[in-house]
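All remarks here apply to the structure that follows.
Chain identifiers are assigned alphabetically (A, B, ...) following the order of the sequence lines, protein sequences preceding nucleic acid strands; residue numbering begins at 1 within each chain.
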Protein chains: 2
Amino acid sequence: MKKKGRGGGAITMGDIARHAGVSPMTVSRALREPGTVSDKMRRKVDAAVRQFGYLPNRIAGSLSSRRSNIVGLVVPSIRNSLYASMIQSVSDVLRANGLHLIIADSGHSLAEEEALVAALLAQRVCGLVLHNTVHSKRGCDLVRVAGVPVVETGNLVARPLDMAVSYSNFDAAKAMTVHLGRLGYRKIGFVTLPLRDNDRSKERRRGYLAALKELGLPVDHDLVLEAVGGLNEGADALVRLMQTGSDIDAVFFAGDVLALGALFECQRRGWNVPGRIAIASFDDLDLLRHTVPTVTTLRVPRAEIGRRSAELLVNRLRGAPPERVRIDVGFEIVQRDST
Amino acid sequence: MKKKGRGGGAITMGDIARHAGVSPMTVSRALREPGTVSDKMRRKVDAAVRQFGYLPNRIAGSLSSRRSNIVGLVVPSIRNSLYASMIQSVSDVLRANGLHLIIADSGHSLAEEEALVAALLAQRVCGLVLHNTVHSKRGCDLVRVAGVPVVETGNLVARPLDMAVSYSNFDAAKAMTVHLGRLGYRKIGFVTLPLRDNDRSKERRRGYLAALKELGLPVDHDLVLEAVGGLNEGADALVRLMQTGSDIDAVFFAGDVLALGALFECQRRGWNVPGRIAIASFDDLDLLRHTVPTVTTLRVPRAEIGRRSAELLVNRLRGAPPERVRIDVGFEIVQRDST
DNA sequence: CTGTTAGCGCATTCAC
DNA sequence: GTGAATGCGCTAACAG
């Protein structure tokens, strides 16, 4: 059983117009700018819309208006809860402003990020949020040529593609290391996440090393480890550091999951924290406030980063002049029982 | 160069065609079906595409072909890591098949889900994945009228809108409760997540009650608590249950974060687990394998749910006949040290 | 294999 | 305040 000869497809604005006895243009206006249409017309349109369960075709609308009202977001990993609160706040601000969000996951790969940026731009997103701050040459070119506003959020880069909202990974890691030094720890290990194509990891390690220098402590390369994410990796790293033979007294993990894994390993082995070994973390995963002992960490205002990023995009889309913006949201050291 | 005026905007397929000395249609084909175009033509097109950094406008393509190649996914909360692995596998399968994904977050609200479904359908998504299985009347109508394939994943409903890939929350909760009974626990508490508009929570509680009956244990309503998510809530619930005065010996938490919060509370108070109180959880959060003690839980194959959901959509989009599908991925009880 | 014609469903721009 | 004409950039369907 097909519809009338009228090409069986979905209901269009024209159909609604016909059934409401008005022109398609009036339907379009009644839906987007109800104020510019007389009450009588609007009621007729609304009735027909409800009757048919009509949903305007935004694809056609976007093509015609040359605006998609969709923002693209690329994070290194959707699974990492770290990004979740940022995603949420970006999403909330955009929705409050009638914009939609496409989230993509680059899997920490530069090539994948490039492919995703291309795909998003091909969808004609009207703005981008990129967590990574290291991009392929072509990725940069694509963004520049497209001319859409872009916010980079993973690290406060000196010269962003367009806008940046973040904190300094260098300053944060340095501050935490100095904090440990001031607490009296002298042999401070450091476990970094993979450094490849990752600005943030590199900056954190740089911060750690700069702090040692400032504290007048020697750099012991046996005390610096690289680990991929995960609880097991954190546990392994801790054990390896303890076995170096050096009298290591604290470990700073550049990722909260690593720190957590290490803490659990200590619980399993009965190593007192911080008595036998102190543990510090990066990023205030909610859990760190609940473990026994609670874990000292760096708090980064992830939600604020998301909110302000989205606000910048919204403003730009509303006509704010394109100017380089660089917002430092800062960070905070949360001293708890593990150090 | 008369009409081309550089101010006009982005580069179009027509521009590429002109510069490559071919027709727009050849450009279109060279990009989408390179095999159907001669080598010579394809090389000319590729050269022009690279020279201008051309990205085809998918909005125009979608409007013309009446296919968006975008799938919509609605989850109750992006922040919940539970959904993350499902999202990831959906995303992977879709991308491998040239489809994109829009993720939306309903905040556990029925009204919000309806609004999101409407927005996604207005974007003319070619498929939907809905985690929630309770929908508003209008939400159901919208989906049905749109005629796009839909997969529901949160609970294995008897009569899905279209397709369902999930496990039975009832069976799972019942199985775990029976498992606890068989281990010898006689006073088994239950902490549920909010029940409102939430099929999954209701089914889990039903399963718990059915198990008590099967075990021949009395139902003590003081031992059933409702808690919103979060570590604190889990801790609070545990303490309240312990203070009922009844000699409660085990608690089954219908959410992994709740269980974790309870476990940490036990660590803080020095309550032996499972000696003084046994703890069981729902959903195999990675952490539960690492805590001290490790936590008994229900493992649900979240990634498989995502993968199979996406595969069903892909098949349907490739022309598979619309038939009601109902896939039970099952679950597994993971017995660990907390019980 | 390649090109031509004719829309896709809406919003912009102008008349009225 | 309303409507008619026009085209957004691309692809389906056909013709050559």
Inset, instruction - Please say which of B:Val117, B:Leu313, B:Val143, B:Leu312 ends up in a side chain to side chain contact (heavy atoms under 4.5 Å, CB included) with B:Val150. - result: B:Val143

Legend entry - Under 4.0 Å protein heavy-atom contact, by nucleotide of nucleotides 8-16 of chain C - B base, S sugar-phosphate only: BBBBB----

Inset, instruction - Round to the nearest Å and state the distance from A:Asn69 atom CG to D:dC8 atom C1'. - result: 16 Å

Legend entry - Rounded interatomic separation in angstrom, taking CE from B:Met41 and C1' from C:dT2: 7 Å

Inset, instruction - Before giving the answer on side chain to side chain contact (heavy atoms under 4.5 Å, CB included), spell out for A:Arg79 and B:Ser85 the whole-Å C-alpha distance, their side-chain angles and the decisive distance to 0.1 Å. - result: CA-CA 6 Å; A:Arg79 293 168 93 148; B:Ser85 65; 3.7 Å; yes

Legend entry - Residues that B:Arg58 engages under side chain to side chain contact (heavy atoms under 4.5 Å, CB included), provided they are two or more places apart: A:Ala122, A:Gln123, B:Pro56

Inset, instruction - Flag yes if more than 12 heavy atoms outside B:Arg326 fall under 6.0 Å of its CZ atom; otherwise flag no. - result: yes

Legend entry - Heavy-atom pair of closest approach, residues A:Glu323 and A:Arg316: O-NH2, 3.2 Å

Legend entry - Over 12 non-hydrogen atoms of neighbours within 6.0 angstrom of CZ in A:Arg159: no

Inset, instruction - Look up atom CD1 in A:Ile103 and atom CD1 in B:Ile103, then write down how far apart they are to the nearest 0.5 Å. - result: 4.5 Å

Inset, instruction - Using a cut-off of strictly less than 4.0 Å, decide whether A:Ser23 has a side-chain nitrogen or oxygen near OP1 or OP2 of D:dA4. - result: no

Inset, instruction - Would you mind reading off the bend of the helix from C:dC1-D:dG16 to C:dC16-D:dG1 from its two end axes, five pairs each, to 10 degrees? - result: 30°

Legend entry - Plane angle bin for A:His19 and A:Phe52 - parallel if under 30°, tilted between 30 and 60°, otherwise perpendicular: tilted

